[in-house]
2 protein chains.
Amino acid sequence: MARSPYAGTVTPSADVRPYHHGNLRTALLEAAERRLAEHGADGIALRDLAREIGVSHAAPRRHFADRQALLDALAISGFARLDERLRAAVDDAAADSSSRMRAVASTYTRFATENASLLDLMYTSKHRPGGEAILEAAEAPFSLLSDLIEQGQRENTLTREDLTGSATVLFASLHGIATMINGSFVPAAQLEGLTDIAVSQFLQAAGPAPVADQR
Amino acid sequence: MARSPYAGTVTPSADVRPYHHGNLRTALLEAAERRLAEHGADGIALRDLAREIGVSHAAPRRHFADRQALLDALAISGFARLDERLRAAVDDAAADSSSRMRAVASTYTRFATENASLLDLMYTSKHRPGGEAILEAAEAPFSLLSDLIEQGQRENTLTREDLTGSATVLFASLHGIATMINGSFVPAAQLEGLTDIAVSQFLQAAGPAPVADQR
DNA sequence: CTACGGTGTTGCCCATGACTACATTCACGA
DNA sequence: TCGTGAATGTAGTCATGGGCAACACCGTAG
């Protein structure tokens with residue numbers, strides 16, 4: 001079997017595994033993330049990861065106090081990756097807030113369906129101690145949404161009061177849509193369409209004109 | 001310690017526990033549901049339940065092939081209870097579809113926040129074999145929503161096309177709102193307000209007064 | 001009254017998380 | 001340069017829990 005699970009600065013002399021892995025924490029997270037995607041959170045066993053990486057069964061403990069700590073770390077890095085993706089989407093989109101909003105929304109639901117188990121992990125923080133770190137990590141993507149709203153207000157695209165509420169509902173919708181699809185309660189093919197409806201409803205509800213109707 | 005974990009038709013002669021419990025399956029589900037609420041799904045251990053009920057550690061196996069089967073059963077009964085609650089809410093509400101819709105919505109989010117762990121279980125069916133039973137159980141509450149929509153159409157309260165899409169988004173919103181609150185991402189105090197926003201947006205988007213279309 | 005199916009029991013194996021004591025290595029300062 | 005302590009990894013152990021198998025009890029149908 002190949003034996004070069006080295007990713008760090010350490011260069012193994014030849015064939016011998018160095019006593020110190022050099023990058024174990026990262027290696028654990030990567031392996032865990034793979035398992036998470038393939039077998040869900042329940043499929044993550046510390047001992048298993050250790051075996052896969054080629055360290056002793058107790059080694060992971062040096063980097064994660066317990067299993068839950070590793071799961072929390074996954075959740076946190078999940079929010080970070082999500083944030084990256086969302087911001088990239090904003091940058092790629094047209095400059096107006098509506099376009100950006102749509103881009104963020106569809107990126108979000110795509111991310112959420114492509115990383116179903118990860119999303120579960122991210123949102124199912126059971127108010128346990130240490131869960132604050134996760135909430136903190138979640139602020140990055142949330143703040144992105146706030147920024148977009150502010151932009152919309154500057155552009156006079158979003159004029160209503162209580163935008164925060166509507167925005168929260170939008171976010172919840174997107175998440176809910178992903179949940180329904182991930183659970184097979186709704187066919188995956190509807191992803192784009194539903195996302196669109198959610199954003200449109202938000203823009204309509206938060207938008208400038210409750211204007212007189214015209215048909 | 002008291003020793004009367006009897007709930008069934010069996011009447012114990014005196015002080016002796018009968019060889020057969022008489023209602024083990026139900027007792028297991030009830031105990032499991034308690035633990036679910038108190039400690040989450042991870043806090044459910046078959047052996048623990050058996051101990052609590054006073055049967056041997058292998059007894060549960062006669063009623064549930066494995067742990068997952070019990071969790072699935074919980075999810076199914078969860079959908080059933082949810083359905084009951086929703087239908088009760090419809091019956092208690094005014095007869096017009098909008099009122100009913102609002103009643104259903106707020107009942108849903110309340111149920112979802114009061115039974116956070118249960119909801120996780122219900123929606124996180126990992127397309128495993130046997131998950132179909134859960135999807136099937138979920139149809140009851142879903143069909144309720146369809147019925148309300150039909151009623152709205154008859155009443156001409158809901159006139160737009162693609163109502164199904166909007167309705168799905170509404171449902172997703174409600175679920176998402178509950179998820180955000182359960183995860184402490186949003187303060188619980190906002191439950192009612194957000195629920196209201198979600199319903200209003202749906203009614204507005206699906207309703208008769210069309211606001212041009214969005215750009 | 002007997003045989004059988006349903007239900008519960010005992011005993012076992014094995015995987016896993018968590019803990020402790022010990023080993024190795026690295027980095028930093030005297 | 002060396003030595004010393006902090007990081008990091010290892011080995012061994014325990015308790016818990018899921019799952020399986022063989023056996024025991026019991027009600028009921030024939």
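Remember, it's a predicted structure, so these values are computed and weren't measured experimentally. Convention: sequence-line order gives letters A, B, ...; per-chain numbering from 1.
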Inset, instruction - Would you mind classifying the nucleic acid contact of B:A58 as base, sugar-phosphate or nothing, using non-hydrogen atoms under 4.0 angstrom? - result: base
Inset, instruction - Tell me whether the OP1 or OP2 atom of C:dC19 has a side-chain N or O from A:R61 closer than 4.0 Å. - result: yes
Inset, instruction - Select base, sugar-phosphate, or nothing to describe what B:R47 touches, counting heavy atoms under 4.0 Å on all strands. - result: base
Legend entry - Value in whole Å for how far the P atom of D:dA6 lies from CZ of A:R62: 13 Å
Legend entry - Interatomic distance, A:D66 CG vs C:dT16 C1' [rounded to whole Å]: 13 Å
Inset, instruction - Please state whether the phosphate of C:dG8, meaning OP1 or OP2, lies under 4.0 angstrom from any side-chain nitrogen or oxygen of B:H57. - result: no
Inset, instruction - For B:L70, report the nucleic acid contact type (base, sugar-phosphate, nothing); a contact means any heavy atom under 4.0 Å. - result: nothing
Inset, instruction - Measure up the A:F171 and A:F142 rings against each other and bin them: parallel (under 30°), tilted (30 to 60°), perpendicular (over 60°). - result: perpendicular
Inset, instruction - Please state whether the rings of A:F185 and B:F79 are parallel, tilted or perpendicular, taking 30° and 60° as the class boundaries. - result: tilted
Legend entry - Spacing of A:I53 atom CD1 relative to D:dT10 atom C1', expressed in whole Å: 15 Å
Legend entry - A:L49 CG - C:dA15 C1' separation (whole Å): 14 Å
Legend entry - Contact under 4.0 Å: A:R51 side-chain N or O vs C:dT16 OP1/OP2: yes
Legend entry - Residue B:E136 excluded, over 12 heavy atoms near CD under 6.0 Å: no
Legend entry - Validation row: B:I149, B:Q153 side chains within 4.5 angstrom (heavy atoms): yes
Legend entry - Nucleotide C:dT16, atom C1' - distance to CG of A:D42 in whole Å: 13 Å
Inset, instruction - Scan A:A59 against the nucleic acid and name what it touches under 4.0 Å (heavy atoms): base, sugar-phosphate only, or nothing. - result: base
Inset, instruction - Could you tell me whether the side chain of B:Q201 and the main chain of A:S166 form a donor-acceptor pair under 3.5 Å? - result: no
Legend entry - Spacing between A:I44 atom CD1 and C:dT16 atom P, to the nearest angstrom: 13 Å
Inset, instruction - Select one nucleotide: of C:dG17, C:dG8, D:dG9, the one nearest the side-chain heavy atoms of A:H63. - result: D:dG9
Inset, instruction - Mind calculating the distance between CG (A:N23) and P (D:dT8) to the nearest angstrom? - result: 11 Å
Inset, instruction - Find the distance B:E52:CD to D:dG17:P and express it as a whole number of Å. - result: 13 Å
